[in-house]
Engineer: 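Below is a structure I'd like to ask you about.
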Amino acid sequence: MVTKATLKAVDGVSFDLARGEVLGLVGESGCGKSTTARLTLGQLPPSAGEVIFEGKTVPSSRTQQWRNLRRHMQMIYQDPLGALDRRLPIIEQIAEPYTIHGIGGSRAERREKAQALMLQVGLRPDQASSYPHELSGGQRQRVVIARALALEPRLLVCDEPVSALDVSIQAQVLNLLDDLRRKTGFSALFISHDLKVVRQMADRVAVMYLGRIVEEGPPEDVFHAPLHPYTQALVSAAPSIHGNRGRNRIVLSGDPPNPVNVPGGCPFHPRCPVAVVRCRTDVPSLSREGDRAVSCHLAGSAGGGGFSPAPHPKSKALEAV
Ligand SMILES: Nc1ncnc2c1ncn2[C@@H]1O[C@H](COP(=O)(O)OP(=O)(O)OP(=O)(O)O)[C@@H](O)[C@H]1O
Ligand SMILES: [Mg+2]
């Protein structure tokens, strides 16, 4: 007999995003960042829990209600070429959201709006009739950003938006996103494995491990004085992050995490350098104090500086199986 294994890609994830705020999401590959993005946008139905956008539950995808909502929630992926149509000039692709949603007047008016967007994201007018393969990676990502902003979304979900770009181009695209956020006021869920990028972009950061948020707080505080042993290891492996000078690299022991076989107790305990007996049996909850939150039995003693766990006030947690 074959027993079907269950993989919980995210489990009990709960976060709020205020208007105009940028929440950074970090964690190692496979920890559930993209799944969280898809859940947030309603592209993936949660098996438990709900996503609330501006006071209303995000409906299941493929409904008209969801399509109406989607214009306010846009996504930017890592690979701009994959997000664009190779056979269409970029101006057509930037104007496409107006056509789809039947706004922006005549074709000429929609083109005019698209041209204004091109300028806003730093593309030249003479590039309007270019095809995606004729542009550089950074320029392609600018096209994707222009198209995402066409309908003035209130939420932008960015999943590793600069990971495929050269470092010098990364900085330009990040500055552009930051500028546009200040001008247009969208909120953003900003996913990156690069702590430096998250520190630059986010007002708040959430650290994920094996499908759960294990720590949350202002980036400066989280990266300067991480409370969770996993965040401490993550920060110690990022040599240039603020506050890391002189910090010894923490190399995690144990097997890489397997979401099909999540360890009992604290999911991090098999790799945790400071785990005690209780960590093998009791699942820690995400406890808040002020603007910090951590999910660790030892947070008060393991560098937490007096952090005293308190229950999360809003816990309608998401799960995706
Ligand atoms: N469609 C799917 N079917 C089965 N498993 C999936 C599916 N999508 C994601 N997973 C699994 O869920 C877990 C979380 O995946 P997810 O893509 O959310 O990770 P991630 O944090 O975005 O990783 P990365 O940094 O590599 O992009 C992984 O173990 C992945 O293998
Ligand atoms: Mg991903």
Side-chain angles (χ1 to χ4, degrees), residues 2-15 17 22-49 51 58 60-62 73-83 137 141 144 148 155-165 170 173-174 177 188-199 201-202 204-216 219 222-223 228 230-231 233-235 237-238 241 252 254-264 267-268 270-271 286 295 317-321:
V2 180
T3 317
K4 216 173 153 192
T6 301
L7 183 152
K8 272 195 174 183
V10 308
D11 188 7
V13 165
S14 175
F15 60 85
L17 192 54
V22 178
L23 175 68
L25 201 54
V26 299
E28 66 196 328
S29 183
C31 71
K33 302 180 298 294
S34 296
T35 305
T36 304
R38 288 200 291 275
L39 285 164
T40 305
L41 290 169
Q43 290 172 339
L44 189 67
S47 48
V51 180
V58 174
S60 69
S61 57
R62 296 194 189 90
M73 305 164 93
Q74 294 291 322
M75 177 99 188
I76 295 174
Y77 299 94
Q78 176 174 345
D79 170 24
L81 204 51
Q141 198 59 303
V144 172
L155 174 67
L156 204 57
V157 175
C158 307
D159 192 353
E160 303 276 5
V162 296
S163 306
L165 306 176
Q170 278 189 5
V173 172
L174 291 174
L177 279 170
L189 180 63
F190 193 97
I191 296 170
S192 177
H193 64 274
D194 187 334
L195 306 191
K196 249 191 357 266
V197 165
V198 168
R199 191 189 62 196
M201 298 300 290
R204 209 150 44 92
V205 61
V207 181
M208 279 188 90
Y209 183 78
L210 212 43
R212 295 156 175 82
I213 291 178
V214 297
E215 180 157 3
E216 201 192 298
V222 169
F223 297 148
H228 196 286
Y230 174 63
T231 320
L234 214 57
V235 169
I241 201 80
L252 295 175
D255 294 329
N258 176 0
V260 176
N261 190 14
V262 176
F268 183 59
R271 299 169 84 194
L286 188 70
S295 166
L318 283 177
E319 288 177 15
V321 178

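Order of appearance sets the numbers: ligands from 1, and atoms from 1 within every ligand. The structure presented is a predicted model; accordingly, all values stated were derived computationally and were not measured.
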Engineer: Taking the side chain as every heavy atom from C-beta outward, state whether Leu286 and Arg212 have any pair of such atoms under 4.5 Å apart.
Structural biologist: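 No, their side chains stay 4.5 Å or more apart.
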Engineer: With the Mg ion (ligand 2) as the centre, enumerate protein N/O/S atoms below 2.8 Å in chain and residue order.
Structural biologist: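 Near the Mg ion (ligand 2), below 2.8 Å, one finds Ser34 OG.
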Engineer: Any idea how Tyr209 and Tyr230 line up, ring-wise: parallel (<30°), tilted (30 to 60°), or perpendicular (>60°)?
Structural biologist: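 Tyr209 and Tyr230: tilted rings.
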Engineer: Please examine the side chains of Gln43 and Ser61, heavy atoms only from C-beta on, and report whether any two atoms are closer than 4.5 Å.
Structural biologist: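 No. Closest side-chain heavy atoms not under 4.5 Å.
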Engineer: State which residues pass side-chain contact (heavy atoms from CB on, under 4.5 Å) with Ala206; sequence neighbours excluded, sorted by chain then number.
Structural biologist: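 Partners of Ala206 by the side-chain contact (heavy atoms from CB on, under 4.5 Å) criterion, ordered by chain and then number, come out as Leu23, Leu25, Ile213, Glu216.
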Engineer: Sequence neighbours left out, what passes side-chain contact (heavy atoms from CB on, under 4.5 Å) with Ala164? Give chain and number order.
Structural biologist: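 Scan of Ala164 (side-chain contact (heavy atoms from CB on, under 4.5 Å), adjacent residues dropped) gives Gln78.
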Engineer: Contact between Leu195 and Phe223 at the side-chain level, heavy atoms closer than 4.5 Å - yes or no?
Structural biologist: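 Yes; the side chains approach each other to less than 4.5 Å.
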Engineer: Applying side-chain contact (heavy atoms from CB on, under 4.5 Å) between Ser192 and each of Lys33, Glu160, Met201, Arg199, report the one that passes.
Structural biologist: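 Exactly one option meets the side-chain contact (heavy atoms from CB on, under 4.5 Å) with Ser192, and it is Glu160.
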Engineer: May I have the step-by-step check of side-chain contact (heavy atoms from CB on, under 4.5 Å) for Leu234 and His228, ending in yes or no?
Structural biologist: CA-CA 10 Å; Leu234 214 57; His228 196 286; over 6 Å; no
Engineer: Which atom pairs, nitrogen or oxygen on both sides, join ligand 1 and the protein at under 3.5 angstrom?
Structural biologist:
| residue | atom | partner | partner atom | Å |
| --- | --- | --- | --- | --- |
| ligand 1 | 18 (O) | Ser34 | N | 3.4 |
| ligand 1 | 18 (O) | Thr35 | N | 2.9 |
| ligand 1 | 18 (O) | Thr35 | OG1 | 2.6 |
| ligand 1 | 19 (O) | Gly32 | N | 3.4 |
| ligand 1 | 21 (O) | Cys31 | N | 3.2 |
| ligand 1 | 21 (O) | Gly32 | N | 3.0 |
| ligand 1 | 21 (O) | Lys33 | N | 2.9 |
| ligand 1 | 21 (O) | Lys33 | NZ | 3.0 |
| ligand 1 | 22 (O) | Ser34 | N | 2.9 |
| ligand 1 | 22 (O) | Ser34 | OG | 2.8 |
| ligand 1 | 23 (O) | Gly30 | N | 2.8 |
| ligand 1 | 25 (O) | Lys33 | NZ | 2.8 |
| ligand 1 | 26 (O) | Ser29 | OG | 2.5 |

Engineer: For side-chain contact (heavy atoms from CB on, under 4.5 Å), just list the numbers for Leu177 and Leu156, CA-CA rounded to whole Å, side-chain angles, deciding distance to a tenth of an Å, and then say yes or no.
Structural biologist: CA-CA 10 Å; Leu177 279 170; Leu156 204 57; 4.2 Å; yes
